[in-house]
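Structure first, commentary second.
In what follows, every heavy atom counts, from backbone to side chain, and hydrogens, waters and symmetry copies are set aside.
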Amino acid sequence: MPNYYPPVAFHFKVEVDGLERPNDNDVRFSDAGGLSFETASEELAEGGENRFVQKYPVRAKYPELVLKRGVLAGSSVFEWIRASIQDYKIKPKSVFVKLLDEELQPLVTWHLVNAYPTKWALGDLNAASNAVAVETLQLFYQYFTVDSSPVPPIPVPPLGA
């Protein structure tokens, strides 16, 4: 039976659906975090029961997506963020985070529904450092769905072959 190797986490892209002038570099990010969900709950103390508190599930909770990349001039993603935050022209969009295989085909796609920008930040500029200027983008989304492509097992040659 062939062994399964999990995909690498550094080969991904992030697409924002419906941008005015998409740039090929707009899908490239160095970091994408915040893809998770959990159950929010409500605590209720029962009268006469002091050993514990009842905890009831309420709804699913999704943290904001945080994206990082080198500063990109002429970015349509940045223009969408600027219009949302500075001009208060909030236009929710579908965002797709795609984990890619070695042939640039999506293995798993997370579809973030009704995402819109909530924060943009530029990392510290320092004349004494040779670091890249990094921008951080933060997006709210209502929920996400997952589309998984079947992952074929990678054959591993037997030892000594």
Show your working on side chain to side chain contact (heavy atoms under 4.5 Å, CB included) between Leu107 and Leu100 and close with a plain yes or no. CA-CA 5 Å; Leu107 290 170; Leu100 306 174; over 6 Å; no

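- The hydrophobic cluster containing Trp120 also contains Leu67, counting ILVMFWY residues as joined when their side-chain heavy atoms lie under 4.5 angstrom apart, directly or transitively.
- Of all the heavy atoms in Ala32 and Phe12, the pair that sits closest is CB-CE1, 3.8 Å.
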Under the criterion side chain to side chain donor-acceptor pair (under 3.5 Å), I'd like the reasoning laid out for Glu43 against Gln54: C-alpha separation, chi angles, the key distance, then a yes or no. CA-CA 6 Å; Glu43 292 186 358; Gln54 295 290 352; over 6 Å; no

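- For Lys68 and Glu135, the salt-bridge test fails: no basic side-chain N is under 4.0 Å from an acidic carboxylate O.
- Atom CD of Glu42 sits in a sparse spot, with 12 or fewer heavy atoms from other residues, nucleotides or ligands closer than 6.0 Å.
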| Should Glu64 and Thr118 be marked as a side chain to side chain contact (heavy atoms under 4.5 Å, CB included) after you check the CA-CA gap, both sets of side-chain angles, and the distance that decides it? | CA-CA 9 Å; Glu64 294 192 352; Thr118 59; 2.8 Å; yes

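- Checking side-chain atoms of Asp87 against main-chain N and O of Lys89 turns up no donor-acceptor pair under 3.5 Å.
- The local environment of OH in Tyr88 is sparse, with at most 12 non-hydrogen atoms from other residues, nucleotides or ligands closer than 6.0 Å.
- Looking at every heavy atom in both residues, Thr39 comes nearest to Pro57 through CG2-CB, 3.6 Å.
- Here the side chain of Trp80 pairs a donor or acceptor atom with the backbone of Lys91 at under 3.5 angstrom.
- For the atom pair OG (Ser76) and CD (Glu20), the distance works out to 9.0 Å, reported to the nearest 0.5 Å.
- A continuous path of Ile, Leu, Val, Met, Phe, Trp and Tyr side chains, each step under 4.5 Å between heavy atoms, connects Leu139 with Val113, placing both in one hydrophobic cluster.
- Note: Phe96 and His111 have parallel aromatic rings, judged against thresholds of 30 and 60 degrees for the angle between ring planes.
- Ala133 and Leu125 get closest at one heavy-atom pair: CB-CD2, 4.3 Å.
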Decide yes or no on side chain to side chain contact (heavy atoms under 4.5 Å, CB included) for Val97 and Leu112, but give the supporting numbers first.
CA-CA 8 Å; Val97 179; Leu112 284 60; 4.3 Å; yes

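- Considering NZ of Lys93 and OG of Ser84, their distance stands at 8.0 Å, rounded to 0.5 Å.
- Taking every heavy atom of both residues into account, Gln142 and Tyr62 meet most closely at O-CD1, 3.3 Å.
- Annotation: the span from Leu72 atom CG to Phe29 atom CZ amounts to 8.5 Å, rounded to 0.5 Å.
- Salt bridge status for Lys98 with Glu15: present, with a side-chain N to carboxylate O gap under 4.0 Å.
- Distance CZ/Arg21 to OG/Ser75: 10.0 Å, rounded to 0.5 Å.
- Heavy atoms of other residues, nucleotides or ligands lying less than 6.0 angstrom from CG of Asp124 number 12 at most.
- Clustering ILVMFWY residues whenever any of their side-chain heavy atoms sit less than 4.5 angstrom apart, transitively, puts Phe52 in a cluster other than the one holding Leu44.
- Arg69 and Asp26 are joined by a salt bridge, as a carboxylate oxygen and a charged side-chain nitrogen come within less than 4.0 angstrom of each other.
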- Item | Val66/Thr136 under side chain to side chain contact (heavy atoms under 4.5 Å, CB included): CA gap, chis, key distance, verdict | CA-CA 7 Å; Val66 178; Thr136 302; 3.7 Å; yes

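- Outside the 6.0 Å centre-distance limit, the rings of Tyr143 and Phe37 are not counted as a close aromatic pair.
- How far CD of Glu46 is from CZ of Arg51: 10.0 Å, rounded to the nearest 0.5 Å.
- Pro7 pairs with exactly one of Leu99, Val108, Asp101 by the side chain to side chain contact (heavy atoms under 4.5 Å, CB included) rule, that one being Leu99.
- Taking 4.5 Å as the limit, every side-chain heavy atom of Val95 sits out of range of all side-chain heavy atoms of Asp17.
- Taking hydrophobic clusters as Ile, Leu, Val, Met, Phe, Trp and Tyr residues chained together by side-chain heavy-atom distances below 4.5 Å, Ile85 shares a cluster with Leu122.
- In terms of hydrophobic clustering, with Ile, Leu, Val, Met, Phe, Trp and Tyr side chains grouped at heavy-atom distances under 4.5 Å, Leu19 and Val27 are assigned to different clusters.
- The CG atom of Asn114 sits 13.0 Å away from atom OH of Tyr141, with the distance rounded to the nearest 0.5 Å.
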